[in-house]
Structure formats: C-alpha cells, structure tokens
Amino acid sequence: MDYNFRDIEQKWQKRWADNKTYHVTEDPNRPKYYVLNMFPYPSGAGLHVGHPLGYIASDIYARYKRQCGFNVLNPMGYDAYGLPAEQYAIQTGQHPAITTQKNIARYREQLDKIGFCFDWDREVRTCEPGYYHWTQWAFQKMFGSYYDNAAKKAMPIEKLIEQFNANGTEGINAACSEELSFTAAEWKAMDRKQQSDVLMNYRIAYLGETMVNWCAGLGTVLANDEVVEGVSVRGGFPVEQKKMRQWCLRISAYSQRLLDGLDTIDWTDSLKETQRNWIGRSEGTEMVFHVKDSDVQFTIFTTRADTIFGVTFMVLAPESELVAQLTTADQKAQVDEYITAVKKRTERERIADRKVTGVFSGSYAINPLTGDAIPVWISDYVLAGYGTGAIMAVPAHDSRDYAFAKHFGLPIIPLIEGADVSESSYDAKEGIMMNSANAELNLNGLTVKESIAATKKYVTEKGIGRVKVNYRLRDAIFSRQRYWGEPFPVYYDNGIPCMIPEECLPLELPEISDYKPTETGEPPLGHAVKWAFDTVNKQVVEKSLIDNKTVFPIELYTMPGFAGSSAYYLRYMDPQNNKGLVSKEADAYWQCVDLYLGGSEHATGHLIYSRFWNKFLKDIEVSKVEEPFAKLINQGMIQGRSNFVYRIKDTNTFVSLGLKEQYDTTPIHVDVNIVSNDVLDVEAFKAWRPEYNNAEFILENGKYVCGWAVEKMSKSMFNVVNPDVIIEKYGADTLRMYEMFLGPIEQAKPWDTNGIDGCHRFLRKLWNMYFDKEGNLAVVDAEPTKDELKSLHKLIKKVTEDIQNFSYNTSVSAFMICVNELSALKCRNRQVLETLVKLIAPFTPHLSEELWEMLGNSTTVCDAQWPSFNEEYLKEDSITYSISFNGKTRFTMDFPAEATQQEIQDAVLANEKAQGYIDGKTIRKVIVVPKKIVNIVL
RNA sequence: GCCCGAAUGGUGGAAUGGUAGACACGAGGGACUUAAAAUCCCUUGACCUUUACCGGUUGUACGGGUUCGAGUCCCGUUUCGGGCACCA
C-alpha cells in the first residue's frame, strides 16, 4: 500500500477541524501548559518555508505535552496593524482592512496545510474592535496610574492627587519626567489645565515633549533612516529636530523590575544580555557644581566620582536648559550659532560624523572639592536625554573628554600612577590614584574602586552629591501619525486630554477617504471629521456625565505597532471575553506562557514592551504573574540558498559552473524552483523569461551546473521556497520532519530543498513497515523480541530527552536509525509498531493518525499516552572494551555488563601479565572509561 | 570601539573530557529494469602503503597550555555572524 500523503493529510485535517480536536478549555483537574509563537504580521507575500519553523517546533512540543497528559493551550492569531497595508492603501486606495483580511485568509490557508494543533477558536486579530478594546483599555489604565517608587508598583493617580491635596509634593517618591516641588496650597490654587500638566509628569501613559525628526513639508514625523543630510529622502523637504507632544509610556519607571525579572526566567543568556544592555543600568554619583559669580548651580552624573580631582572643564548638552542660563553676553552670538548648527544635524549624522565640535559658554563652574574655577563648554557629544545632560570632563581618563581637550587645547591632569596620557586617555577602571587630595579627602594611593567608594561617601556626607542609579532605557513614544492602528480613546477639553468613558470603548477606527495627512498637516484621522463629532459628542458627551454641548477635538494619533502585541498572550486565555481583557479564572489557570518561540529581532522591542505591559497589568491585578514568558527560544532565521547561472559577457550564452573560469562571465540569479541539485532545467530556464528564449549553454557532462550562495530569502534573489509547493510534492509530514532535521532550532541555516528526499524516503519506509507486499496491514500480536525492545526503548529514551531539550534534529536521526534497525529485524510486532506511531506522532501527526486508526484504535493518537522507557531493555549482556597502552589501542576484550571498573582493571592487568606484555615496565595508572576503553599508562 | 555567539568532510549537521564525522544530502560504483522512475547494496575527510586484503600517518580556523586522553577545558590570535554604540 502506497504512502498516499495527500489523501491522508486532507482526511485528518478535515477531521480535526470537524471534531474540534484541538479545542481546549480550562480544566482544573489537569495541569496546564501554554505554548506560544510570536504571532505573524500577515504580509502580502504569504508564508515562505522559513516562517513555519518555529510553529512546527512549538507544535511538536505542544503535541508532546498533550500526550504527557497536559492541558495544552497552543493558539495562533495575527498582528494585523502595520505599515505595509497602509502604504499599499495610500498607493491604491484599497482599504487596509481589506488587504489585511485577504492576507490573513491566505496565511490561514497555508497554515492549515501544515497540520498544526492550534485552537483556532481562540484566534485574535489586533485590528478587530473586540480585541483593541482592551489595548485601549490598558492605555487608559496607564493614563490613570503613576508609579510609586517606594511601593515599586503602579498606583491609581487618585492616590497621588490625595497626597497633593494633603501635603503637596512633600514625601512623594514617584517616577516622573522632572522633579517638581509644590505645597498643598499651591496645588489647590492651580486651575484644571495646570493640574492636568502636573499629573502628566507622573502618569504612566502621558503626553510628553520629545525630540523627533519633524518634516514640515510632509507634515509628519520621520524615522532617522528617512532623513539624509537634513532633508527628507522622499520629496527632499528640510527636516529639523523638534520637540513634539507625543504620547509616551513611562517604561523607564519599570527599569529595575525589568532587570531583576531577567534572573527569574529561562531565556538564553545572550538575549538577557541584550536586554540588560538596553536597560543599561549604571550606578554612579550625582554631584552639584556651583557657577562662579552666580546663584546658578547644576548637577552632573558620573560613574567615576574618583576622578573629580582631574576635572578640567564641564560640558553641557546643546539642548540643556542650562545653556541659556550659563551663556554670557559676549559668548551669546557664538553659542547661538553653534546651537543652530547642531539642530540641523540629525541623530544619524551626529553618529556618522564624529568630529569634535563645541563652544565655550563664557561661564565657569567651581569644583566642589578643589575650589578651582573650570570652564563650562557646550558640545553635542553630551546627550540631553541621559543623566542630567551635563558632565564633568576628565580628559585624562575618558577618551571623549580627551579628544575634546586636545581639540580645544584644554588641560589634562593624569590621576592614575603610571598612566601615559600623552597620546590617549587611560579609561580603564584600575590602578593606583595620584594627584587626588584636598584638606579633607585623600585618594592618593587608593585603587580606583576604593576611591569611587571613598568619594561617594565623602560627597554624600558633605551634601555635595548623592549616589544615583541611571538607566539608559527611555520612555516609549506611543503615538504615530498613521491611520492603520488603534485610535486613542482620548478627546481634548480646552487642551486638557480626557479619556473617553470606559463604557464607550472600544473607540472604533473610522472609515476615511484619504490615507494621507490632511492639508492642514494633521494625521490621516483628521479626515474623519464626522467621526470625531459623532464619537465625542454623541457617544461621549451624551453617555457620560460631561455636561457640555461643544464639539471636543478628538485625538488624531494612533497607537504604534507594539501596542497590540503587548498583551495578546493574555487575550488568548479568554479571547471572547467582553467584560475584561481576561477573566480572573482564565488568568489564574493559564498564568503565563510556559514556552514562547520567536525571532531574536524582537529582543529590544516587543519582548521589553510586553514584559513592561504585563508588569503594569500585574500591578493593577489583571495578570497574576510578574513575567509573561517563562521560557523563550529564539528560532534561527531560515536563509535562502540562491542559485546562479553564468552568462558570458555581451552574449546570450551561459556556461556551467565548472567551466566558467575559462570565460569572462556575469553571475545571474536564477529561480531556485527550476534548479534541482544545482542542475538547471534548461528548458524551464528558456521559458522563464523572454530574453532567455534563445539562450545557449555550454554544458559539462551534459548538464548545466549552477553556482550557489546563502543569502536572505527574498523575491529579488529568486530563492523563495513556498511551503505549499513542498507540501504538494512531499506532504506536510515530510515538510515538518525536514524543517526539524535541518539543524538546531536556535541556529540560522539555509533552506536547501535538495535534502528533503531523505526525510520523505524515511516516511515511506516507516509506512511500509506496517504493510505486506499486497498492501495489507501486517502486524502480528506477539511478545516483542529482545532486540526489538532494545531498539524501541533506545528510541523512546532519546526522543523524550531530545524533545525536552528542543534538539529535534537529532530526534529525527534517531527515528531513522530505529526504523532501519527494526526493518533489519523484520519487525512486525504490533506492540512495538504501535509505540513507534505514538512516538512519532508529534512530528508527523497525519501519518501517525492514519496508522493509529489502521491499527484498530478508536481514539486519536494525539491523546495517546507518551510511552516511558525501561532501562532494563537497554542493558547489554556484555560490553566490549578497547585495551590501549598510552592511548594506543592494541586489542579488545569483552566483559559482562555488570562488571565493576575494579574487576575490569584487575582482569586486564592479569591478562597483560599472563601475555607478558608489561614485563619490566612500570604501570603508572590504569584508566577504565565506562563502557569504552581501558587505558594502561606506562 | 564595547558586549555576546560561532568556526568540524563537497553540503546540512552528530559527538556527558573517552574509538571525531552519527544521521541525511550529494557524488562514485553495483543489483533489478527494454528504458526511466522507484527500491536495494557497497564506497565516500585527506594523505601514504598494498595487485588485493591488512595496515599506517594526519585531521575539528590558527598558536600555545592543562590531561593518561581535548572538537569539547584554559590562555592568546584570526575570521565570520549578531547586538549596542558619544550612556559620562
């Protein structure tokens, strides 16, 4: 009987769908396991063969866990908001919802063919009102919260207001944009707008002024890569650095928790390290410097408090508010000129072109330890957004300060013994201090480490400064001037942002006629005038308590891509719930994702935002756990394997790879789908493109051999392989096996269709084991033989271990070895063959179900209990040891399996003596390697 | 520049410090076949030796080291990949 994978796969996919085989419900009597893939953005190109890699890997794990008795949640959905659909809409006028809908249908069709155990009843789409309801809701909760540094959690903003009413800012320890100080009386005296502004300083979702690339000509904010030499790539309009009001999320408040949480989760070290770098915790000292002949003082941040005696100048960021205060009249012209020049440069240009620039402010600061007056400069190598936007410069021990000092001829004072600073600075944090003493503090002779501690202690006691931890993590900018995203549930009352009442959510995205910005420079939602009116005045004003009949402007920004993907794993737990994001019961049952699979490209995006979002939801008691993803595996990218033909220059003649050195050739990408084992299908090539109709070929051995290279899988390289094509030719089970066989999941590897035959042959061979020549099921009921049991239990052990370690590639090999062994044994034993079906079921579900049914089972194999192995069967009767002298093997000896190492050693030595091999030699050591080698060291 | 990871046949890749190259592809040879496909068998790191068998040397990017024994551990170097990048 032939292995008719097409019929088998269709049959089972239909049956699974009809019976809702993979539908899961919360079941307190069974342990849960939550497997999750990062959900895809449904692009117009459809899935290529690289996309399902992670889905297959997690599907195998989900199926394995299910067979182990777990109640497994394995959902799938779509990250449906995104730029490509919107760009397409601008070009064609096609509504992004329609494009997205189409793409999702295509994705679903492709996914269904692979045989996943997804519970499609739990599908989510970020662009559906029922889903983004809860994205908007979470945003509102963030708006209504502040972060209490002492309690280390988010609290309702009302609590803060209470405190303001009672004591002003006295005793407040909250995360904020800038430190404020006012009394209760002052608070009460503020009007609504002023109070709103003050609260913005504390809210977790807040409107803040941030630096953006603003392009007036296009009426939008641009990303850095959309700007070159101060003009927009598209249109060539001038672009300036501008502070703009944007919605932000105070993710920085969670820096420490985001950092600490990393120690509690099972992610790869490299990914954790990337997140640690991104959060960028740095422990240092803040010190206050007074300005000479002035009341002004300012604070700097340094991690090298020990170098305070080597400060020879100070530097302010150009954007710093201190610049205006410290610039003296006679320097003003120069400073203004410098600031203007800096403003024109984009972030990108500053990084690309690192020539030293700066200007003297005219002021001097007083070194609090030496009393020296030191010049204050302004330079763009100091960033406004980090620390205090001002630094103390120690050119001897900081390379950037050194470059600046050399350029402007400022003094350099070495502070570490033996450090040669004539050519470059000495940045290392080691050595013995010198030149570092005043009447009260003497660092000379101490190590750098000791000096930092001593200086911290000193400045703290003297009130000059304090110990401070800084984080590089910035608050997330949360608004976009785009159409295809979640609308903000916000309207403005006399400039004060107000939340649309919760009962009016979701605020639905309106239809608009034009996806470009409006003529007045507003985001695309500005076209939806009627929507704004209806929403705010009918839905909001009439339904809510707001007693006003004027038209309120509504927020026209939309949310960024990461908004919808930040809590989707919670929504899968309870996707239809219209009372809340997730019910207490569902959350309590599923808790967190046990296994999360996705690409490492999300290390500093989605995986940070999501962790932050979850921590916030935990603070407001929606989610139960601190960390959403207990274990994370980054699947490696599947790269493309491109093929080339070699055209002889200025001809239409193509030369085979082996002969191309004899000609002057140009390599040309050729569609990998008309190449097999690097041999070109010449006729298909001629038909591929009109210009190749008359192509001629110089062959080798009658074949045209193509060159190849590993590149990114992309249309332009003609190396995209569609899973549908593979499935049509080999079946989904072969595809699943082969994707796993390619190599370790975490590793990037090229897709090479050439190897797939091996996996397909294996499945056919496996299939044929169950049937005789006439095609009848040919299993016999009998006690398995010892050899059969040994082979089988070796496999159970290996596969069980491999699945737990996610080394599926070696599992596939183990299956191949076992099937070869069983074939050699002519195994027809029902018990053995049935167990084999269970073992391979996670990898090849369709084939397994079919065999399982043929073997007379009425249940599905996906519920069949995972077999356990018995060490007894794995035991050998005797074990062959290699006997070697000084590592060189001489001969072998057999020993009973239960022989101890001592017995083996004694027996070997007795044999040596009897044979006379070791007469007159000194034996230094005898090493018995378990089950392998006896090495006699002379 | 800083941090992290990797390097094994023609290819993808195996190998708790213990006989390197499992398994698979490709290639070569053979069987079956009118032929092809399919299937099955043998060979396949390099080099040397031999009519053949048997055998030997060498070999996991490079140079050292630890060890009876190193692809694996340690030190240094090179190359490639990834992340961060004026973060004071």
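A, B, ... follow the sequence lines: proteins, then strands. Residue 1 opens every chain.
- Between the NZ atom of A:Lys406 and the C1' atom of B:rC86 there is a distance of 20 Å, given to the nearest Å.
- Distance CD1 (A:Ile936) to P (B:rG69): 16 Å, rounded to an integer number of Å.
- Ring geometry for A:His760 versus A:Tyr3: interplanar angle of 30 to 60°, hence tilted.
- Counting only heavy atoms from C-beta outward, the side chains of A:Thr455 and A:Thr285 never approach each other to under 4.5 Å.
- Rounded to an integer number of Å, the gap from CZ of A:Arg304 to P of B:rC86 is 20 Å.
- A salt bridge does not link A:Lys468 to A:Glu283: none of the charged side-chain nitrogens sits closer than 4.0 Å to a carboxylate oxygen.
- Which of B:rC84, B:rG18, B:rC25 sits closest to the side chain of A:Ile927 comes down to B:rG18.
- Heavy atoms of other residues, nucleotides or ligands lying less than 6.0 angstrom from NZ of A:Lys272 number more than 12.
- Remark: side-chain polar atoms of A:Thr388 are paired, donor with acceptor, to backbone N or O of A:Thr299 under 3.5 angstrom.
- When each of A:Ile756 and A:Gly389 is assigned the nucleotide of RNA chain B bearing its nearest heavy atom, the one mapping closer to the 5' terminus is A:Ile756.
- Rounded to a whole angstrom, the distance from the P atom of B:rA37 to that of B:rG30 is 15 Å.
- Other residues, nucleotides and ligands place no more than 12 heavy atoms under 6.0 Å from the CD atom of A:Glu321.
- Taking only side-chain atoms of A:Ser282, from C-beta outward, the nucleotide of B:rA88, B:rG18, B:rC84 with the closest atom is B:rA88.
- You'll find that the side chain of A:Asp398 is closest to B:rA88, out of B:rC84, B:rA88, B:rG18.
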With sugar-phosphate taken as primed atoms, P, OP1 and OP2 and all else as base, the protein-contact string of nucleotides 3-14 of chain B at under 4.0 Å (heavy atoms; B, S, -) is SS-------BSS
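- Taking a pair as Watson-Crick or G-U with both hydrogen-bonding distances under 3.5 Å, the stems of three or more pairs touching RNA chain B are B:1-7 with B:78-84, B:10-12 with B:23-25, B:26-31 with B:39-44, B:45-48 with B:55-58, B:61-65 with B:73-77.
- Classified by its glycosidic torsion, B:rG9 falls in the syn category, the angle being within 90° of 0.
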- request: Check the pair A:Gln256 / A:Tyr471 against side-chain hydrogen bond (donor to acceptor under 3.5 Å, both in side chains), numbers first and verdict last.
  value: CA-CA 9 Å; A:Gln256 192 59 47; A:Tyr471 300 90; 2.3 Å; yes
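- Using bins of under 30°, 30° to 60° and over 60° for the plane-to-plane angle, the ring pair A:Trp751/A:Tyr738 lands in the perpendicular bin.
- What separates CG of A:Asn805 from P of B:rA15 is a distance of 10 Å, to the nearest Å.
- Nucleotides B:rU50 and B:rC41, compared at atom P, are 34 Å apart to the nearest Å.
- For the P atom pair drawn from B:rC68 and B:rC53, the interatomic distance equals 39 Å after rounding to whole Å.
- Between A:Asp757 atom CG and B:rA27 atom P there is a gap of 11 Å when expressed in whole angstrom units.
- A:Ile817 comes within 4.0 angstrom of sugar-phosphate atoms only, judged by non-hydrogen atoms across all strands, and of no base.
- Between the CZ atom of A:Arg281 and the C1' atom of B:rA88 there is a distance of 17 Å, rounded to whole Å.
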Heavy-atom contacts, protein to nucleotides 35-41 of chain B, under 4.0 Å, summarised as B (base), S (sugar-phosphate only) or - (none) per nt, yield ---SS--
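- Only the C1' atoms considered, B:rU66 is 23 Å distant from B:rA7, to the nearest whole Å.
- The interatomic distance linking A:Ile300 (CD1) with B:rA88 (P) rounds to 12 Å, in whole Å.
- For the pair A:Arg276 and A:Asp263, the salt-bridge criterion is met [side-chain N within less than 4.0 Å of a carboxylate O].
- The nearest heavy atom of RNA chain B to A:Ala814 and to A:Tyr386 marks one nucleotide each, and the one closer to the 5' end goes with A:Ala814.
- A ring-centre distance under 6.0 Å is found for A:Phe404 and A:Trp377.
- Residue A:Asn820 has a polar side-chain atom (N or O) positioned under 4.0 Å from OP1 or OP2 of B:rA24.
- Side-chain contact between A:Ile56 and A:Met740: present, with at least one pair of heavy atoms (C-beta onward) separated by less than 4.5 Å.
- With a 6.0 Å radius and a threshold of 12 heavy atoms from other residues, nucleotides or ligands, A:Asp269 has its CG atom at or below the threshold.
- At a threshold of 4.0 Å, the pair A:Glu711-A:Arg641 does not count as salt-bridged, since none of the basic side-chain nitrogens sits closer than that to a carboxylate oxygen.
- For the 3.5 Å distance criterion, the side chains of A:Asp894 and A:Thr880 qualify, holding a donor opposite an acceptor.
- Taking the C1' atom of each, B:rU19 and B:rA85 are spaced 49 Å apart, rounded to whole Å.
- Going from the C1' atom of B:rU57 to that of B:rG5 covers 35 Å, rounded to whole Å.
- Distance noted for atom P between B:rC73 and B:rU60: 15 Å (whole Å).
- In the set B:rA88, B:rG18, B:rG83, B:rA88 carries the atom at the smallest distance from any side-chain atom of A:Val382.
- When the C1' atom is compared between B:rA22 and B:rG13, the two are found 10 Å apart, to the nearest whole Å.
- Between A:Gln639 atom CD and B:rG82 atom C1' the separation is 12 Å, expressed in whole Å.
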